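Reviewing the structure listed below.
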Amino acid sequence: MRLLGLGNRGGYHGPRHNQRMATSRLPPQLTTLQTQWELSHSDFPQAFVEEFKAQMRRGLRNQSPSSLAMIEAFIPKTAAFKPGTYLGLDLSGTNFRAILLSIDGRQKVERDPSIAVFRIPTELKQASGAGAATSKALFDFVASQIKVFLENEGVFGRDIRVGFTFAFPTRMTGVSSGLLMKWTKTWDVPDLVDADPVEALESSLERIGLGHLKVNVLLNDTVGTLVLGYFEDRNTLAGGILGTGTNFAAWLGKIAFNFECGNFDFGSLKPRIQTIVDQELDTESQNPGEQLLEKMVSGRYLGELMRRLMPPHFEASSLQVPDAIVSDDLSYLLADGGDFPLTGAFLDRLGIQSSNLEDRQLARSIAAIVMTRSAQISALVVAALLEYVDSTLEREHVITIDGSLFEHAPGYPKTMKALLARLLGKRAARVELKLVKDGSGIGAALSSAAVEESFT
Ligand code: BGC
């Protein structure tokens, strides 16, 4: 059954839609670029959904070819949580978060959870002048931050169960164990590949005198977001991260699956969506041929895409420098108003001085083209998973989403909703895209409480 109403009528036109984000008319020199980057080809959305669903099906049966790992999470789908205090840890893209929360006898979270955010030094995530990064150094740092946090919270020495969100592709071997398949988001700590992140964390906790903290659940950040969403609203079908990385998880029946859809390769549609700039970025990346969807959608890569699109429209030696533009820049540009002073400052920083209004509009439109495609691809993933689970959209569904793009990039949720509305018609009203903050960390603590209740 077809959920999408587009067929070959081609009623959807990218440029009109793009204006939601660009907020100004498209400079004529970008017409070709926009045509290449828009996803409005008449049958493209439906074809994407069909390909995604087919790969989901094969991934679930462990059949190849599928670029979707569809990893089963061992989280109980439950509304029952054991009362007590839990520590949620979230090792994701940019930061490490520690969250302490208590659940009372009425299954409510007592007062606002305490949250601490630590930036992880780059040399702990990837090779540096000091050589390859090691799991011991990484987790010793994490454990030392946990110690400080627990001391500050006055609970150091207490026996607390831990839910550990590890936001990288990890094949689960049990509810609290798994093996890292590969690194993504430019992280690279070689000795942890094929190893268990829980063991590495617990060894570091032991070394620092926190051996009494026991991890009772390991989960992906999308699964944490899903668990928090379900705790808040039983209509929650899926949890997504649209931030440094990209991924979704969903309940398929009673079981949660982490799709690892940042790795989606678009199957035979790849030539229709992958531009030369995408190909170049991929070839020069840490993991060529992998995480293709993530490289078009994620905060980690949007700045790079924009940097590669700026020439021939702008000239500056800084545009040769990797990561000279980051995704936050795109958000600032899109939020800019008046005669676009933030965009002027951005161009200045790149060495493009004395920019006029036309230059600024050009830069903002490039940002809009990059950001719009990201939001549209995210919407297509949501459409595909909805169609897989409930093809006629009989029921209401909540999709909980955490992450900097969805939260901060101007127009991002609106662009996603506009494409969903276009695809689903009136039925889009039954789908809510809901922002959750710190979903993956809070979800980790909640999962720990759910596991305590269900399995002990
Ligand atoms: C990882 C996923 C994660 C996503 C969002 C991706 O790079 O492979 O496991 O869920 O980023 O953080």
Side-chain angles (χ1 to χ4, degrees), residues 18 21-24 26-27 29-30 33-34 36-37 93-95 119 122 125-126 184-187 242-246 262 274-286 291-337 340-378 403-412 415:
N18 256 340
M21 258 185 188
T23 66
S24 52
L26 188 75
Q29 58 272 54
L30 294 184
L33 181 70
Q34 185 173 48
Q36 287 164 350
W37 280 59
T94 312
N95 297 314
R119 186 162 280 268
T122 312
K125 305 196 271 197
Q126 48 192 225
T184 56
K185 300 176 277 201
T186 67
W187 281 54
L242 296 174
T244 308
T246 306
Q274 208 187 31
T275 65
I276 291 177
V277 167
D278 295 309
Q279 282 168 19
E280 285 169 4
L281 184 146
D282 177 46
T283 310
E284 291 166 31
S285 72
Q286 147 205 47
Q291 302 294 113
L292 294 185
L293 181 141
E294 183 158 83
K295 287 171 186 163
M296 296 180 187
V297 174
S298 287
R300 181 62 192 84
Y301 302 99
L302 296 186
E304 270 298 273
L305 290 173
M306 176 154 180
R307 179 178 74 82
R308 288 160 191 267
L309 288 176
M310 296 270 289
H313 309 290
F314 295 95
E315 251 179 58
S317 55
S318 61
L319 292 175
Q320 305 304 319
V321 180
D323 293 323
I325 302 177
V326 296
S327 69
D328 280 354
D329 292 325
L330 277 69
S331 291
Y332 287 127
L333 262 54
L334 294 174
D336 210 2
F340 311 123
L342 296 177
T343 312
F346 160 81
L347 291 171
D348 258 9
R349 192 192 80 206
L350 292 173
I352 303 158
Q353 272 128 22
S354 318
S355 57
N356 59 23
L357 202 58
E358 203 183 309
D359 299 327
R360 295 175 188 191
Q361 268 160 349
L362 193 58
R364 294 182 72 244
S365 296
I366 297 175
I369 288 171
V370 171
M371 196 63 94
T372 299
R373 187 183 68 165
S374 163
Q376 289 182 335
I377 296 175
S378 300
S404 50
L405 288 181
F406 191 71
E407 186 179 353
H408 299 301
Y412 202 96
T415 301

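All values reported here derive from a predicted model rather than from experimental measurement. Scope of the values below: all heavy atoms of this structure, side chains included, with no hydrogens, waters or symmetry mates.
- The distance from atom OG1 of Thr372 to atom CH2 of Trp37, rounded to the nearest 0.5 Å, is 11.0 Å.
- Minimum interatomic distance between Ile325 and Met306 (heavy atoms only, all atoms of both residues): CD1-CG, 4.2 Å.
- Side-chain contact between Phe340 and Ser355: absent, with no pair of heavy atoms (C-beta onward) separated by less than 4.5 Å.
- A donor and an acceptor atom, one from each side chain of Ser285 and Tyr301, are nowhere located under 3.5 Å apart.
- Counting only heavy atoms from C-beta outward, the side chains of Thr244 and Ser298 never approach each other to under 4.5 Å.
- If you take CG on Leu242 and NE2 on His408, they are separated by 13.0 Å, rounding to the nearest 0.5 Å.
- Residues Leu319 and Met310 come closest through the heavy atom pair CD1-CB, 3.8 Å.
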Practice task
Let me see the working for Gln29 and Glu358 under side chain to side chain contact (heavy atoms under 4.5 Å, CB included), right down to the final yes or no.
Solution key: CA-CA 11 Å; Gln29 58 272 54; Glu358 203 183 309; 4.3 Å; yes

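- Taking CG of Leu292 as the start and CD of Gln279 as the end, the distance is 10.0 Å to the nearest 0.5 Å.
- Side-chain contact between Arg373 and Ile377 is present, with heavy atoms from C-beta onward closer than 4.5 Å.
- Counting heavy atoms from C-beta on, the side chains of Thr343 and Asp359 never come closer than 4.5 Å.
- Between Asp282 atom CG and Glu294 atom CD the span is 11.5 Å, to the nearest 0.5 Å.
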Practice task
Apply side chain to side chain contact (heavy atoms under 4.5 Å, CB included) to the pair Leu350 and Phe314, showing each step before the final yes or no.
Solution key: CA-CA 10 Å; Leu350 292 173; Phe314 295 95; over 6 Å; no

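- Closest approach of Ser318 to Gly351, counting heavy atoms only: OG-N, 4.5 Å.
- Contact annotation: the side chain of Lys295 never approaches that of Asp278 to less than 4.5 Å [non-hydrogen atoms, C-beta and beyond].
- For the pair Arg364 and Leu334, the tightest heavy-atom approach, listed with the atom from each and the gap, is NH2-O, 3.4 Å.
- For the atom pair Ile369 CD1 and Leu309 CG, the distance stands at 8.0 Å (nearest 0.5 Å).
- Heavy-atom contacts from other residues, nucleotides or ligands closer than 6.0 Å to CD of Glu315 number 12 or fewer.
- Results of the side-chain hydrogen bond (donor to acceptor under 3.5 Å, both in side chains) test with Arg300 over Thr94, Thr246, Thr186 single out Thr186 as the only residue that passes.
- Looking only at side-chain heavy atoms (C-beta outward), Gln274 and Met296 come within less than 4.5 Å of each other.
- Nearest heavy-atom pair across Met371 and Leu302 is SD-CD1, 3.6 Å.
- Side-chain contact of Ser331 with Asp328: a donor-acceptor pair under 3.5 Å is absent, judged by distance alone.
- Between the CG atom of Leu333 and the CZ atom of Phe346 there is a distance of 5.0 Å, given to the nearest 0.5 Å.
- Listed here is the closest heavy atom pair of Ser374 and Tyr412: OG-OH, 2.6 Å.
- A salt bridge is defined here as a Lys NZ or Arg NE, NH1 or NH2 lying under 4.0 Å from an Asp or Glu carboxylate O, and Arg349 with Asp329 meets this definition.
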